[in-house]
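To start, the structure itself, in structure tokens.
By convention in this document, chain letters (A, B, ...) are assigned in the order of the sequence lines, proteins followed by strands, and residues within each chain are numbered from 1.
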Amino acid sequence: MPELPEVEVVRRGLAAHVTGRTITAVRVHHPRAVRRHEAGPADLTARLLDTQITGTGRRGKYMWLTLDDGSALVVHLGMSGQMLLGEVPNENHLRIATLLDDGTALSFVDQRTFGGWMLAELVTVDGSDVPMPVAHLARDPLDPKFDRDGVVTVLRRKHSEIKRQLLDQTVVSGIGNIYADEALWQARIHPLRPGGELTAAEVRRLHAAVVETLERGIAYQGASIRNYRGPDGAPGAMQERFNAYDRDGEPCPRCGTPIEKIRVAQRGTHLCPRCTRQP
DNA sequence: CTATGAACCTGACAGC
DNA sequence: TGCTGTCAGGTTCATA
């Protein structure tokens, strides 16, 4: 589920509510949800208690809440994570429940338990302050300091398919399987094309398509194929706007040819066989 | 260094 | 109905 647009919708939804609030209660219901917090559930609980949330941040598919002790609560939604505001949800996938000083509950629900919370210190990398667990990620395409030429240099150095590279979070972060297929469809580039062999015009087209697709995803409040929900529990609408993803067999919105589904890097990959040239 | 595959989980769905 | 196999938005680790 959650790629950059979904995570950004969650971050924005949380920011308005949690900034300035103090955490008054924490309960970890499932240890896997904090497995990446190496000091353990008790440490996380103790350190969160009575801390104030001072702001929010995001890079790629990671988001975080900055805390008044200078550290950050880093959240990854994995495949099915939800950050919910309101009452504590009566949900058997409730993994972590917290209470804020205005009486609101901030809960982490995650069916598949691939996501989780961890506390981390902020480090300065290349002029930006990010939590430790995020430091290895490339900037995402919506980052004001995103360096397109730098990414192109990396693309050229590697020899793997462009879709594989779009999914590599150390090349460019935030893009997952949905938005990779959507951006490649929009740019009319075959997912199997070697990234290093794209022309300058194709690179420009792809960059524009990635930015537009991600921004569209945010504008439609994310894609709810399965269990993605915003912090208010509402699903997104982007799944109704897909041109290629999950549309195999349906006509390409551009030329009418049925969308094809292949596998690239073990991932289901959707493309128009007529709009794109196979390598 | 690059690339591939498996593992980590739960649930939905297709087919028999 | 129920069983089996496959697939799903992500990341990480081990193996070639």
Side-chain angles (χ1 to χ4, degrees), chain A residues 1-10 29-38 58-63 74-83 91-95 108-118 120 131-138 140 153-184 191-192 194-196 210 213-214 216-218 220-230 235-242 244-249 261-270:
Chain A
M1 48 82 48
E3 306 181 24
L4 185 154
E6 290 74 30
V7 178
E8 177 62 12
V9 170
V10 170
H29 291 265
H30 197 305
R32 253 185 75 77
V34 296
R35 70 193 180 286
R36 294 181 63 194
H37 184 74
E38 287 177 11
R58 182 191 55 73
R59 173 169 288 186
K61 303 169 194 172
Y62 286 79
M63 60 158 292
V74 181
V75 178
H76 197 285
L77 300 178
M79 291 281 253
S80 55
Q82 304 174 0
M83 294 282 282
E91 239 283 4
N92 51 339
H93 302 309
L94 177 66
R95 307 307 186 194
F108 184 63
V109 169
D110 186 16
Q111 176 200 112
R112 290 174 73 182
T113 68
F114 286 171
W117 289 13
M118 73 209 91
M132 246 343 189
V134 176
H136 68 290
L137 289 184
D140 63 64
T153 305
V154 176
L155 290 184
R156 296 247 182 277
R157 200 166 60 221
K158 299 188 172 202
H159 288 271
S160 52
E161 309 96 311
I162 185 59
K163 171 152 177 185
R164 187 186 291 275
Q165 300 214 47
L166 287 179
L167 294 177
D168 185 340
Q169 305 296 301
T170 66
V171 173
V172 51
S173 66
I175 304 170
N177 206 37
I178 291 178
Y179 293 93
D181 283 5
E182 289 297 307
L184 287 167
L192 291 174
V210 164
T213 307
L214 294 176
R216 227 158 93 86
I218 295 170
Y220 284 101
Q221 306 292 302
S224 295
I225 293 287
R226 282 179 184 80
N227 39 24
Y228 165 74
R229 293 291 182 276
M238 182 62 187
Q239 67 282 0
E240 298 158 19
R241 304 279 160 171
F242 291 159
Y245 183 82
D246 206 24
R247 293 277 180 264
D248 37 314
K261 184 174 182 182
I262 63 173
R263 285 197 84 82
V264 179
Q266 323 292 104
R267 319 294 300 276
T269 297
H270 312 75

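A:L77 has its CG atom 20 Å from the P atom of C:dA8, to the nearest Å. Distance, A:D246 CG to C:dA8 C1': 10 Å, rounded to whole Å. When rounded to the nearest whole Å, the span between CZ of A:R35 and P of C:dT12 equals 10 Å. At whole-Å resolution of the value, NZ in A:K158 and C1' in B:dT4 are 14 Å apart. Across the protein-nucleic acid pair, A:L167 atom CG and B:dA3 atom C1' stand 14 Å apart, rounded to whole Å. In this structure, A:D248 places its CG atom 12 Å from P of C:dC7, rounding to the nearest Å. Nucleotide B:dA3 holds its P atom 14 Å from the CD atom of A:Q266, rounded to whole Å. For the pair A:R32 CZ and B:dA7 P, the interatomic distance rounds to 14 Å; values are reported in whole Å.
Taking 3.5 Å as the limit, the base of B:dA3 and the side chain of A:R164 contain no donor-acceptor pair of atoms between them.
Phosphate proximity of C:dT11 to A:H76: present, with a side-chain N or O under 4.0 Å from OP1 or OP2. Distances shown here put every side-chain N or O of A:H159 at or beyond 4.0 Å from the OP1 or OP2 atom of B:dA3. At the phosphate of C:dC7, neither OP1 nor OP2 sits under 4.0 Å from any side-chain N or O atom of A:K261. One finds no side-chain N or O of A:S160 lying less than 4.0 angstrom from the OP1 or OP2 phosphate oxygen of B:dT2.
Aromatic ring pairs are classed by plane angle as parallel below 30°, tilted from 30° to 60° and perpendicular above 60°; the pair A:W117 and A:F108 is tilted.
Across all non-hydrogen atoms, the minimal contact from A:Q111 to A:N227 is NE2-ND2, 3.4 Å. Closest heavy-atom contact between A:V74 and A:Y62: CG1-CD2, 3.9 Å.
Along DNA chain C, the nucleotide nearest A:H136 and the nucleotide nearest A:R112 are compared for position; the residue whose nucleotide lies closer to the 5' end is A:R112.
Taking atom P on both B:dA6 and C:dG5, the two are 16 Å apart, rounded to the nearest angstrom. Spacing between B:dA3 and C:dA8 at atom C1', rounded to whole Å, works out to 23 Å. For the P atoms, the distance from B:dC9 to C:dA14 is 16 Å, rounded to whole Å.
Contact annotation for A:R36: backbone-only contact, meaning every heavy-atom pair under 4.0 Å involves sugar-phosphate atoms and none involves a base. A:G115 comes within 4.0 angstrom of no nucleic acid atom, judged by non-hydrogen atoms across all strands. Counting any heavy atom pair closer than 4.0 Å across all strands shown, A:F242 reaches no nucleic acid atom. A:R157 comes within contact range of no nucleotide atom at all, as no heavy-atom separation falls under 4.0 Å.
Using a 4.0 Å cut-off between charged side-chain N and carboxylate O, A:D181 and A:K163 make a salt bridge.
Checking B:dC13 for Watson-Crick or G-U wobble geometry (two distances, each under 3.5 Å) identifies C:dG5 as its partner.
Side-chain atoms of A:T113 lie closest to B:dC9 of the nucleotides B:dG11, B:dC9, C:dT11.
The aromatic ring of A:F114 sits over the base of B:dC8, with ring centres less than 5.5 Å apart and planes tilted by under 30°.
A:R58 pairs in a salt bridge (charged side-chain N to carboxylate O under 4.0 Å, His left out) with only one of the listed residues (A:E6, A:E3, A:E8), which is A:E8.
In this structure a side-chain-to-backbone donor-acceptor pair under 3.5 Å is present from A:R32 to A:T113.
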